[in-house]
Asker: 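I have a structure I would like to understand better, so I am pasting it below and will then ask my questions one at a time.
In this text, all values refer to a predicted model and were calculated from it rather than measured experimentally. Chain A is the first sequence line, chain B the second, and so forth, proteins listed ahead of strands; every chain is numbered from 1. Values below: every heavy atom of this structure, side chains too, minus hydrogens, waters and symmetry copies.
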Amino acid sequence: MVPNPTTGWERLQDVFYRKRAEYSMMWIDDVDLSEFIVVGAPYGGAIALVRDTSRPMAYRGPEGRQKMILIYSNSGQLISNIPWDKGTIRGVGWTDEEQLLIVIEDGTVRVYNDFYGGFTQFSLGKEAEDHTVSDCKFWGSGFVARLGNGRFVSVARLDEPRPRMLADLSTTALEIHGWALMSPLQTLSRHIEVLVGFNKTVSVIDSIESQDRMLEEGPFSHIAVSPNGALLALYTTYGKVYVISSDFQKKYSEYDTGTLDSPLQVVWCANDSVAVAWESEIRLVGPGGGSLSFYYESRIALIPEPDGIRIVSAERCEFLTRVPEVVVDMFRIGSTAPSAILLDAVEQLEFKSPKADDNIQLIRSSLTEAVDSCIKAASYEPEPYWQKRLLKAALLGKSVLELYSSDEYVEMCEILRVLNAVRYYEAGILISYEQFIRLTPERLIDRLLNRQRFLLALRLSSYLRLPVDKVYVRWACNKVKSSTDDDAAICKTIVNRLKPIPSVSYDEIARTAYDEGRTKLATLLLNHEPRAGRQVPLLLDMEEDEIALVKAVESGDPDLIYYVLLHLKGKYSLAQFFRLVNDKPVASAVVEQLARDDGPELLKDFYYQDDRRADSALVIYRESLLLDDIQDREDKIKLGMKIFQDSKDSYSDAKAMEEHAKLYDWQVTFEKDYKQMFIGLTVAETIKKLFKIGQSSKASKMKSEFKVPEKMFVFLKEGTYPVAKKS
Amino acid sequence: MSGILPTTINPKSLKADALASFLTLLESVRGKKSLILDRTLSAPLSHIARFSVLQEHGVDNIFWLDDGPQRDTAQRNIIYLIRGDIKNAQAASAQIKKLLQTSEVEFDFNVFLYPRKMLSIEKVFEEEGVLGDVTISEWNLGFIPLEEDLLSIELPEAGYKGMYLHGLPTTVNFSAIALNALQKQYGIYPRIIGKGAQAKKLCDQLIRMRAEAQSSSSADSAATEWAKGETSAFDQLVVIERQTDMVTPLMTQLTYEGLIDEVFGIKNSQAEVPSTLFTASNPKLPANGGAPSIVSTTPINEQRKTRKVVLDGHDTLYASLRDLNFAVVGTTLNKFARKLNEDYEERHQAKTVSQIKDFVSKLGGLQAEHQSLRLHTNLAEEIMNRTQTEFFNRALEVQQNMVASGLDTSTLNQTIEELIVRGVSLDIVLRLLAIECLTSGGMKEKELANFKRLIFLQYGYEHILTLNALTKLDLIFQRGSKTSANATTLQFSSLRKNMRLIVDDVNEQAPDDVAYVYSGYAPLSIRLVQYVIQKRALGTKISTLGGSGWRGAEDILRGIPGDVFDQVQKPDEKSIKTKVLQAARKEVKRTVAVFFLGGITFTEIAALRFIARQESERRKILILTTGIIDGRDIMKTAMDITPSGVSVSAE
């Protein structure tokens, strides 16, 4: 018999909460949660159990030591056991992408990209190394670490981690009690802020400054920020809970727990109430000062979610959440809400009672809302039985309505099917509808892939009309990692399976093969990659340099071409490098540009190597024009000329250069003789100037020497252009 | 995501989006910041954000990349806003390295890369050892709306130099990225049709980008944002590459806007004009402070001999004048002056209080119009003075003769010779020589040698470099000596006839053909566009062919260098829901996007607007380009190889 939805509802002031046992834990050997730090990935993700080395624990034989980091599903199934050989762990957290983060005492951060030990690693910097990390707080895409010297380091993103010191807490701070972080999504500034409880007050720190909020109710041992960032819960060392607005302007409530025992956790249950957890009790404190207690026999761990709290205990995994209004209206005993009447109508209909129609007529005017409410309520119901009843009620109501868009109804049916599938204990993803909407379907699929549930991921992807190539690629990568077949066989298996998928990308698979040390397999796979550009970085790693260059050029993407060329330029000798690009016009043009930016020397080398004499000569000529000393200039021009003369084609340019050098010669003489500025003038200007200073014989000499046409000469002399003679 | 697309392209929202995304980027750096700007990005930036807006978002000061940050005034947060090329990255990393070594301050370095993040740039930072010290983000600005019907990528030199002189793939690639972004937002181009070797590459890249986005959901999440394409706002994309028609930009532009550009130069919708054109009683006219764009924060001319005026469609008088042939600008100004006068006279008719009130409310608008009228009257007068000079007219005559008949080059050559000897500015000479080469298939060896000698004597030997560059650009060359083997020579004489390039009886008052923009010469580039979307304009011989796209033009097109292509893009099959909507939208006028790869001139813009008006019943035309270019810019491309400081001699 399916329990009534109201089972387990508990009233806190004027709202209801429900705590529902979702799974009975299937821990393999009896896990004692008190020996572990328990951290769950957001949105119903996996649970990491990391041995808490600060506590004594029962000796369980030599294997016990190897169980440092264990990853479990919500149903208590062991997903993996990550071997650990590094130092003391000071922080454990998850990202929204379900990457496990482990922060080590010396400031090293490991990011586990999958559940099977594959990780990247970075350091929090020198200051963290010197002062060691004390503890860390995490949010969906980053974290903040507190160092031994009381300073904080933030990491805003993990794809390109840039540890950044936050402002120093004003120096008089004696003792830090509790602290919390506000993620960029929660602050007004859209940047990370840290709230630090010290002395009796709280300070807000960001990257620029720290600001004492001048409270007097402290010391605060725990600080919690509500998911929407609007409210703060402050827990004092003497057992009081204050709820205030996050701008510290308004106090909303105050509650005395009546105990001096320090709680294990203080977290928000959505944005409505604050949960305080001790060893065996959870107390939910409501906004009006009311509270609600839940008792346990053994150690528990709370995992806050945007819409509630996951509670993990030795026996069960539960979800505690406020009962939404629409569900209360639906199921509250004696409810006369239209939605409740509509639900009743379905029942009457099943009994073939005419009352069904009476019900419908009764709520006729608000039928649309009733249908909407039924659909909405279904989203909150974890039991498929009640989901179906509610959707059936919606269907009935909808059939009576003349105009009603079915989109939402259809979408809800689809989503609920998906949610039920992933919530099933095998996948063990305890995700609510609201969380699903926040997480997005794409990332839910990623989570299934993380768990290597390829078939389910594939089914759900096609069901939700999401692209399936990602699933195939991940499957293939897994195949590459785990298969012991020979390279050709694996490649064949993969290609056969991926063939029907349009333009699926092989680069990631090939990369995996390469990382696994299977270079030959990588090459085989890479040949199937349709996108030239995608192959390039891997090809470079595989030292297939020339192919990488060809593919980069093929892609037409200048970035890739530059990238490959910079890579090769550092690797080969200049001659080898130039030879590599010689026969590739686009690559050659890019190298020429690199050389042009670099300076004339490289450019000359390049032209020389490519036997482009005319270009060489012009570069030298150009260089000459920039020289300050006139003699240097002439010498350089002559050098350019020489190279020109070796080549047959541009004789006239060589000739012109020769004349240019000659002009300088003449001008040097003129400057000496007439103490006037000549250098830099053109031939025409020189002649004009000679006329001006009365040296017409020199002007005539210039005319013959530089073969100045008669008309130009006359114009320079007389200032009028001779009229063409009619022949 | 919904698959329902806006039916029209809205440049205003494009601009707002560009601004919003830039400000988000700015805000990602907390607190006050110093902005270090790549010079080539100041134009695009000034189009989307005024300096005051940047200030409001924490930009304390701006430095040019060439100068670097000044240590004593720089903020702790430093943002490099640079175009993603190697040289910039090297300059930035050198500055960063220096600051890290010499300064006590804990700087926070950010690099905003335009138009996207790049492996090669990261590689440079890595090699220089500063990759760990900088946060790299991307500023992916695509097209910048210059006018309601005109979007530009604003590449330096309109991408012309990089593409043709240096043979770099950047122009094509950036264009493809920008066009692809537009296609993502407004729906696919159902057909991509065009002419030109680089244009073909562009088309290939566009098609590949879409194919990759369609399949690779795993690689970038942006793929999911891809508009579903059922209700595309576009009818087709016509790509015209600059190289297919180099004659047009070399000709002297004869529209009002074109002439302002020829005489004063228009950069960034601004022209620098002599300040004598402003009477002192005109305080409100935009001087430097009028439009506080990025550029104008650094006064270019200290003596204030010149002033900057903003020339864009916001000035209604200018909007109505700019595309007219200059010959009719005078009469139009007269008409406008009379009307304005009448409007002012209304005040005498205003008898009742409400009438007076009515008049006063209009007064502000009238005054603005009055100022605009004064500016344009003065401008037109100044241009008139210049166009009446002998040099201007002789050059014009040579041009017109070359495109119109091409016969008897020897007489024309004599004129050019005379112009050289008399010292007309070099770019004018080079433009004439290039037009001659292009229209008559090159110059005879002896003639070319003679001109070269004259140029060296008159303008200096350093122009050896200029002429070499022009040969590389296929602009000035010897007959039968084409450098690249596959380059076809422009068959201008047959095109003149087949494409109706010369229209003898052009009516400048009430033009009936695009040829009015050059007083009788119809730009080849525009004729190509018309061949695709307006065959009837090309005369009965072609309009009766009736085929779509290039069909029937194969022989004609063979006389123009560059490949021809005509590609159909099929919409996505995924979105079924919107199919119904599509049927309903059949009636909507769709947009023909015309993309000029390698730059467009003001006259070509005017001609395209002319076509748009003629076609307004059937479709809209959106003009897209890599930048606005003119003959002087093209010659500068070749000339800036020449170092300017030749006369650095001793004494």
Asker: If we define contacts as heavy-atom pairs under 4.5 Å, which of A:M165, A:R162, A:R157 has the most with chain B?
Answerer: A:R162
Asker: Does B:R116 reach the main-chain N or O of B:G84 with its side chain, forming a donor-acceptor pair under 3.5 Å?
Answerer: no
Asker: According to the interplanar angle, ranging from 0 to 90°, do the rings of B:F107 and B:F109 count as parallel (below 30°), tilted (30 to 60°) or perpendicular (above 60°)?
Answerer: tilted
Asker: Listed by chain and number, what are the side-chain hydrogen bond (donor to acceptor under 3.5 Å, both in side chains) partners of A:Q667, not counting sequence neighbours?
Answerer: A:T686
Asker: Examine whether an atom of B:Q205 lies under 4.5 Å from a heavy atom of chain A, and if so say whether it belongs to the side chain, the backbone or both; otherwise answer neither.
Answerer: side chain
Asker: Counting heavy-atom pairs under 4.5 Å to chain A, which of B:I420, B:D204, B:D108, B:N77 comes out on top?
Answerer: B:D108
Asker: What orientation do A:F670 and A:F678 show, parallel under 30°, tilted 30 to 60°, or perpendicular over 60°?
Answerer: tilted
Asker: Could you tell me which portion of B:L457 (side chain, backbone, both or neither) has an atom closer than 4.5 angstrom to a non-hydrogen atom of chain A?
Answerer: both
Asker: Among B:E418, B:R208, B:E122, B:Q458, which residue forms the greatest number of heavy-atom pairs with chain A at distances under 4.5 Å?
Answerer: B:E418
Asker: Go through A:L594, A:D597, A:L565 and name the one with the most non-hydrogen pairs under 4.5 angstrom from chain B.
Answerer: A:D597
Asker: Heavy-atom distance under 4.5 Å to chain B: side chain of A:L560, backbone, both or neither?
Answerer: side chain
Asker: Under a 4.5 Å heavy-atom cut-off, does chain A meet the side chain of B:L454, its backbone, both or neither?
Answerer: both
Asker: Less than 4.5 Å to any heavy atom of chain B: does that hold for the side chain of A:I208, its backbone, both, or neither?
Answerer: side chain
Asker: Can a donor-acceptor pair be found between the side chains of A:H660 and A:Y664 at a distance below 3.5 Å?
Answerer: yes
Asker: With a 4.5 angstrom heavy-atom cut-off, could you sort out which part of A:E554 is near chain B: side chain, backbone, both or neither?
Answerer: backbone
Asker: Is there a side-chain contact between A:D557 and A:Y563, using heavy atoms and a 4.5 Å cut-off?
Answerer: no
Asker: So, does A:S624 use its side chain to make a donor-acceptor pair with the main chain of A:Y621 at under 3.5 Å?
Answerer: yes
Asker: Does A:R622 pair with B:E462 as a salt bridge, N-O distance under 4.0 Å?
Answerer: no
Asker: Does this structure show an ion pair linking A:E705 with A:K662, if we count only N-O contacts that are shorter than 4.0 Å?
Answerer: yes
Asker: Please flag which part of A:D615 lies under 4.5 Å from any non-hydrogen atom of chain B: side chain, backbone, both or neither.
Answerer: side chain
Asker: Using a cut-off of under 4.5 Å for heavy-atom pairs, which of A:Q593, A:R596, A:H567 has the most such pairs with chain B?
Answerer: A:R596
Asker: Heavy-atom pairs under 4.5 Å with chain B - which of A:T720, A:L716, A:T682 has more of them than the others?
Answerer: A:T682
Asker: Among the options A:E685, A:K707, A:E659, A:R474, pick out the one with the most heavy-atom pairs lying under 4.5 Å from chain B.
Answerer: A:E659
Asker: Please classify the contact of B:K87 with chain A as side chain, backbone, both or neither, using a heavy-atom distance under 4.5 Å.
Answerer: both
Asker: With a 4.5 angstrom heavy-atom cut-off, is it the side chain or the backbone of B:E127 that approaches chain A, or both, or neither?
Answerer: side chain
Asker: Would you mind checking which part of A:D206 comes under 4.5 Å of any heavy atom in chain B, side chain (CB onward), backbone (N, CA, C, O), both or neither?
Answerer: side chain
Asker: Would you mind telling me which of A:P537, A:P161, A:S555 has the largest number of heavy-atom pairs within less than 4.5 Å of chain B?
Answerer: A:S555
Asker: Report yes or no: do A:R164 and A:S207 form a side-chain donor-acceptor pair below 3.5 Å?
Answerer: no
Asker: Of all heavy-atom pairs between B:K117 and B:S137, which one has the smallest distance, and what is that distance?
Answerer: CG-C, 4.3 Å
